[in-house]
Amino acid sequence: MSIAKKIEKIIAGSSWIRKMFEEGTRLKAEHGAENVFDFSLGNPNQEPPEEFFKALRAEIDAKGPMRHAYMPNPGYPEVRRAVADYLSTEYAVDLTEGDIIMTCGAAGALNVALKTILDPGDEVITPAPYFVEYGAYASNHGGILKTAKTRPDFTLDIDAIAAAVTEKTKAVLINSPNNPTGQIYSEGSLKALGALLSEKGRALNRTIYLISDEPYRKIVYDGLQVPSFFSCYKESILATSYSKDLSIPGERIGFAAVHPEATYRKEIAGGMTLANRILGFVNAPGLMQRVVGAIQGVGVDVSAYARKRALICSGLSDCGYEFVQPPGAFYLFPKSPIPDDVEFVKLLQEELILAVPGSGFGGPGHFRLAFCVDDNTIVNAMPGFRRVIDKIKS
Ligand SMILES: Cc1ncc(COP(=O)(O)O)c(C=O)c1O
């Protein structure tokens, strides 16, 4: 092969996910897309809010010198100011435009953050199950992803994180609300995590960063709120995007924010600005920066996802599936009725239901369903879900 061994290995390692995707495409071609129940992708199915289109139209009609020119690498100052103002209330810390770097989605934010802090061989700890790309993101910048188990309900296990810390630990990377489990980490657990990282950092004489990946922050149910991790630990970086809460993942817009009291605040912001440039992003899309800057605080109608959550939870529970009801995001992570989750996902495919094995997220024995789909997809898939579990139990 004439491509890098590292890339070859990543491609080979994810081949069953690719196979599943290809199988889904084949099934849709054979049976018609409407007859295949696709829960495999976290692609929000709601339209963006009307405010988004209004701001977009206004931006498209606006003309002026240098509106589509290169800009400062961290983004337009007025947009970063708008983001900082909004976040200061949302997270109860005083952020300024200098703390914000506009990025190409949360993925871009995570990569500029990791590029900024990691030296070769540094370790990044993440609670498992976790977003499948984290391993590649850490490795992109010479880092090594290590996992720490969570509790049976997927909440943080602080002892497991403590046990995973070594003299090479540079960061703990959390994601709340979580993909794939939907779990939200409580304020108490974030405070305990902050205390642990302060203590370990002192003992090891190095700063251990907390990076929080929060693209699902606004997609929460039952009146819950995601606590501010910034209030729990100052050596911290937020990575997030508008992909899910404005339903615009294709537009690639998000940001990274550094805690205003972080010891190396200026260096981190400067490093992320440089990383935005040298990773080849240069800057986040200009048009989208101005659009999101104008509609801070606007989000999609979460009640539609709440309805889908209720439909899928009651349907699967009636069939006999076991799961933790997700307090946020739009994923369900039920237990596989047989130990081999890849095998179970194949059984679902025979019923034209597409799901992702939990093994792909470091959560074997489970499978992930993205319920950001039409209500009809959920309702019409239920007989298939029932046939599969009945067959296993009979
Ligand atoms: C947990 C998590 N982090 C990051 C991302 C990447 O988000 P974006 O599309 O904004 O880059 C996703 C996308 O699904 C995600 O689920």
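The first residue in the sequence is number 1, and the count goes up from there. All figures in this text were calculated on a predicted structure; none of them were measured in a lab. Every number for a ligand or one of its atoms is a count from 1 in the order of the listing. Because only heavy atoms are used, hydrogens play no part in the values below, and waters and symmetry mates are left out as well, while side chains stay in.
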Check ligand 1 against [X] and write out every atom of the ligand that is under 4.0 Å from a heavy-atom position of the residue.
X	value
G105	10 (O), 11 (O)
S241	10 (O)
A106	4 (C), 7 (O), 8 (P), 10 (O), 11 (O)
K244	13 (C), 14 (O)

Within less than 4.0 angstrom of ligand 1, does Y242 place any heavy atom?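 In this structure, Y242 fails to qualify as a contact of ligand 1 - no heavy atom is under 4.0 Å.
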Does even one non-hydrogen atom of E133 get within less than 4.0 Å of ligand 1? no
Give the residue, atom name and distance (to 0.1 Å) of the protein heavy atom nearest [atom].
atom	result
atom 9 (O) of ligand 1	R252 NH1, 2.8 Å
atom 12 (C) of ligand 1	F131 CZ, 3.4 Å
atom 6 (C) of ligand 1	A107 N, 3.9 Å

Are [X] and [Y] ion-paired here, with the side-chain N under 4.0 Å from a carboxylate O?
X	Y	result
D222	R309	yes
E350	K346	no
K170	E235	no
E167	R206	no

Decide whether an N or O pair under 3.5 Å exists between [X] and ligand 1.
X	answer
N175	no
S243	yes
D213	yes
Y134	no

Between [X] and [Y], how do the two ring planes meet: parallel, tilted or perpendicular, split at 30° and 60°?
X	Y	answer
Y134	Y137	tilted
F344	F367	tilted
F39	F385	tilted

Evaluation steps, ring pair (Phe, Tyr, Trp, His ring centres under 6.0 Å), between F52 and Y242: CA-CA 11 Å; F52 169 80; Y242 300 90; 9.9 Å; no
Less than 6.0 angstrom separating the ring centers of Y221 and Y305, yes or no?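 Ring centroids of Y221 and Y305 are no less than 6.0 Å from each other.
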At under 4.0 Å between heavy atoms, is it the side chain or the backbone of P249 that contacts ligand 1, or both, or neither? neither
